[in-house]
Amino acid sequence: MSELNTNQLKAAQFEGKHLLVLAGAGTGKTRTIIARAVYLISKGVDPSKIQILTFTKRAASEIVSRVKASMGEQSGKNPTGSTFHSWCNQLLYNFPNVFGTAKFTIIDEDDQVSIMKMVCGNQKEAFKKLRLKPRKLVDLYSFARNTKRNLTDTLTVKLFDDVPENELEERLAEVKPLVESILRKYEMKKRERKYLDYDDMIQVVANRLNKDPKARQIIGKKYEHLLIDEMQDTNPLQWELIRPFQQICHLFCVGDDAQSIYAFRGADFKNIHNFKKNVKDAEVFRLEENYRSTSEILDVSNWLLDKSTLNYEKRLSAVRGSGIKPKIINVPNEWEEGYFIAAKIIENFTEKDKEYNDHLILSRSQNYTRSLQAIFIEKKIPFETYGGRSFMEAAHLKDVFSAFRVVNNNLDEIAWVRFLTFWEGIGEISAAKYIQELINKEDIEECIQWLEEGSKGPFEMIETLKGIASNMDKIDKAVEAAYGTMQARLAMKYVQDWDKKRKPDFPILTLLARNYSNLSEFITECLLDNSTKINNSPTLKKSEIQENKEEDAVIISTVHSAKGLEASTCFVLNVSPKVYPSAWSLGDIEKVEEDRRVLYVALTRAKDELFITRRTSSIYAEDHVTEDGSAVPTYFLNEFPEELTDQVFYSQEKGESVDAPIANDFDFDFGMDFS
DNA sequence: CGTAATCCCTTCGGC
DNA sequence: AGGGATTACG
C-alpha cells in the first residue's frame, strides 16, 4: 500500500461507520477502493463479506482481480464484485424464500415494450392521439420508479414540461387515468407471467429489506462492507436499496459530482452533496490530486467546469506537471476525422514506440464511430469497441435464448412468441393460439407433449426444447443441443452474414455456459453482461478464446462506457455544435450541464496527448459554425481560450488527387468478350 | 386466412 | 440492425 498518498491511505484505513470519498477524475478512485478491500481483509474481515458494487461488469472484475493480485496467493476467498443489477439478481436467486422469487424471468426493454404493446390493445388509438407509444410508456414507467416520483410528477416533468401552468391540470386529468390504467395492466401482466424488469430486480430487493427486519437479518449476515463505486450515478431507487444496509453494514462510497452522467437513468449527483444528511454516522473525504493527466489537459478540463453555472467546488491539481498542449482538430467531415485519427495512431505506433492500446477514442454515441471503424479496418488498425449493443441483444442469440427462456419459465409469453415464430410455417396467429394453451400447462414437459400433438411446428422445434430440458444441470450441453437443432433454421434466417458474423458466436456461448449450472442464472447473467463480446468478456478467460484475439488494440468507447478508463493518447470525437451539448439538450440547463460533464469525463481520460476533433461541415454543424470556425453560443467550445490549445485545420485527400479529368465519363471497357 | 417479403424508421447514453 | 407497418404471396 506504499503507493497511496496520505488522503488515499486515510480513506482506505477509515475506522468510522460510513465514508464518502469525493474523488475527482484521475485522483486514484479505483486504487483507493482496491486498497480499502485489501486493508479490510488484512484486518481479518472475511472477504466473502465484502461486496463491491460498480456500474459495469468490467469495472467489477477489474477491481476484484486487482484485489486478488495485491493479496498474493494467500487466500482462496475473494470479495465479490457486481453491478447493482447483478447483485440483486444473485440475491433473488439465492434467497427465493426471502424475496418470493422461486421462479422468474428477467426481461429487457424490448420485452417491456412487447408487454406494453399487448397491454395497450384496443386503446392504441387513444395513445396515438397523445403521441404516446409503448416505448415512451416504458420510459415513463421506468423514470418514475428510478426517481421515486409519483405518476403525476412524472407526467408533469417528462411529458408536460412545456405546458403552461394553467393548462397543466386539464392535461393531466385527460392523460393520467389512461396511463394509469395501462401501467396497472402492465404490472398485472408482470405478476401473472413472473416477469421482473431491470428496475424490479432492485425494487423487489429494496422493498423487502426496508420493510422486513427478518429479511434484513438474513441478508445482513452475509455482508459487512459495501464498497460502492461511481456513487454520483446512483439514483433514488438504488439509494433505497442501499438504505437498509446502513444499519447492518459499513458503506464505503466513492464518487465525483463532476462525472455524473446518468441523469437520464434517474441519477442525481446532488445526492452525494447530501450524503451526510442521508446517511447517519457518515464522513466525507476528498481527493483532489490528479495523477493521470498533464497540467495542460487539466487546464482544459478545469476551464470547462469553471464555465458551468453549477458549482462543482473542484479544481484538480496536476501532480505530473507540464506536458504538451491539447489540440483541437478542425476537420471537414467524419471521413477526414477518421483518416486524421488513423494517421496519428499509425504515426505513434510506428515512430513513437507506442502500443495500440495507448490510444482511446471517445464518442458521445456509438453511431459517430461507424466511419472510423471502417477506416480502421481499411488501415488494418486493430480495435475493440466498448458500449453499444451487447452480445445478447443480437437477434440470432435472442432466438436461441427464447428457447432457454420457455424451458425456464413456460409462462414466458414473449419468449414463446419469438421461439414459435422462429420456425418456418408458424406465424403470429398460430403462435398466439398455441400460447393460449401453453401458458396453462404445469411445466415445460407438458408443453412439449402438447406441442408434439397439437402444433404444426417442425421436428427440430420439439427437439430443441427436449434438448434443453434434459440438460438443465449442464448448461453448456443444453446450448450445444439447442444450437444443433436450431442451426439449420438460423443459417437460413440470417443468410447474408451467417457464416462470418453470427455463427462464430455460438462456440462462445457454449464457453460462457460452462460457468453455470442453473438455467435461470445463466439467462439473466448473460442478459446483464453488456461487456460480453469476443474480445473483452470478463466472464470468459482470455486463454479460452484464441481466435481473433488481438492483445493490443485501440479502444473505441462511448463516454458512458469509458468510466475508469484512461490512455496516454485520447481522441475525443466530434466535439461539434449540437453534439456538445447535443441538440436535444438545448434549452434545458440541466441537460446541458450533464452534457458538459460527459465532455469533462471524456477530456479527463487523457494522460499525455489529447486531440479534440470538430467537424466543421457535418450535418449537425452546418448552420452553427461560421466560415472562420467560430461557433454559436450554444456550444461548449465557444469562447474557448486560444492559449489553452493548438488549433489545426485538417483536410487531406484520401488518395492521389487528380485535378483535371484524365478519363472521359463512362468511357470504359467493361471487359466482356462477346465473340 | 396465415405467412413471407419489402420498405421504412429509429431519435444518445446502459444495467 | 432490427422491429413495425404495409403489401405480396400461397
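Letters A, B, ... are given to chains in the order of the sequence lines, protein chains preceding strands, and every chain is numbered from 1.
A salt bridge between A:Arg605 and A:Glu566 is absent, with no side-chain N of the basic residue lying under 4.0 Å from a carboxylate O of the acidic one. Salt-bridge annotation for A:Glu230 and A:Lys29: present, with a side-chain N of the basic residue lying under 4.0 Å from a carboxylate O of the acidic one.
If you check C:dG2, B:dG13, B:dC15 against the side chain of A:Ala394, the one that comes closest is C:dG2. Comparing B:dC15, C:dG4, B:dG13 by their closest approach to the side chain of A:Ser365 singles out B:dG13. For A:Asp497, whose side chain is taken as the heavy atoms from C-beta onward, the closest listed nucleotide among B:dC15, C:dA1, B:dG2 is C:dA1. For A:Lys501, taking side-chain heavy atoms from C-beta onward, the closest of the listed nucleotides B:dG13, C:dG3, C:dA1 is C:dA1. Of all nucleotides listed (B:dC15, B:dG2, C:dG2), B:dG2 comes nearest to the side chain of A:Ile429.
At the heavy-atom level, A:Thr83 lies under 4.0 Å from the strands shown only through sugar-phosphate atoms. Among the atoms of the strands shown, only primed sugar atoms or phosphate atoms (P, OP1, OP2) are found under 4.0 Å from some heavy atom of A:Glu424. A:Lys456 comes within 4.0 angstrom of the backbone, heavy atoms only, and of no base. The residue A:Ser585 sits apart from the nucleic acid: no heavy atom pair falls under 4.0 Å. A:Ile261 comes within contact range of no nucleotide atom at all, as no heavy-atom separation falls under 4.0 Å. Across all strands shown, A:Thr421 has no heavy atoms under 4.0 Å from either base or sugar-phosphate atoms. Using a 4.0 Å heavy-atom cutoff across all strands shown, A:Phe84 reaches no nucleic acid atom at all.
At whole-Å resolution of the value, CG in A:Asp399 and C1' in C:dG3 are 13 Å apart. Rounded to whole angstrom, the span from the NZ atom of A:Lys591 across to the P atom of B:dT11 amounts to 14 Å. Between the CG atom of A:Asp111 and the P atom of C:dG3 there is a distance of 11 Å, rounded to whole Å. In this structure, the NE2 atom of A:His85 is 9 Å from the P atom of B:dC15, given to the nearest Å. Distance, A:Tyr386 OH to B:dC15 P: 13 Å, rounded to whole Å. Atom CG of A:Asp110 and atom P of B:dT10 are 16 Å apart (whole Å). In this entry the distance linking CD of A:Glu230 with C1' of B:dG14 reads 13 Å, nearest Å. Regarding A:Lys158, its NZ atom lies at a distance of 13 Å from the C1' atom of B:dT11, rounded to whole Å.
The shortest distance between the side-chain N/O atoms of A:Arg502 and the OP1/OP2 oxygens of C:dG2 is below 4.0 Å. Applying the 4.0 Å criterion to OP1 and OP2 of C:dG3, one finds that A:Arg135 has every side-chain N and O outside that range. When the side-chain nitrogen and oxygen atoms of A:Thr558 are compared with OP1 and OP2 of B:dG14, one or more of them lie within a distance under 4.0 Å. Taking only side-chain nitrogens and oxygens, A:Ser561 comes nearer than 4.0 Å to OP1 or OP2 of B:dG14. In this structure, A:Lys133 does not reach the B:dT10 phosphate: none of its side-chain N or O atoms is under 4.0 Å from OP1 or OP2.
For A:Glu594 against B:dC12, a side-chain-to-base donor-acceptor contact under 3.5 Å is absent.
Note: A:Phe84 and A:Trp239 fail the aromatic proximity criterion, with ring centroids not under 6.0 Å apart.
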*Are A:Glu594 and A:Ser260 close enough, and set up right, to give a side chain to side chain donor-acceptor pair (under 3.5 Å), and what steps lead you there?*
CA-CA 7 Å; A:Glu594 173 139 318; A:Ser260 166; 4.7 Å; no
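Residue-to-nucleotide proximity on DNA chain B shows that, of A:Asp595 and A:Phe55, the 5′-proximal contact is made by A:Asp595. Mapped onto DNA chain B by nearest heavy atom, A:Ser363 and A:Ser430 fall at different nucleotides, with A:Ser430 at the one closer to the 5' end.
With contacts defined as side-chain heavy-atom distances shorter than 4.5 Å, the pair A:Ile341/A:Leu573 qualifies. Contact of the A:Phe269 side chain with the A:Asn271 side chain is not registered, since no non-hydrogen atoms from C-beta on lie closer than 4.5 Å.
Judged by centroid separation below 5.5 Å and plane tilt below 30°, A:Tyr262 does not stack onto the base of B:dG14.
Residues meeting the side-chain contact (heavy atoms from CB on, under 4.5 Å) test with A:Pro96, sequence neighbours left out: A:Thr101.
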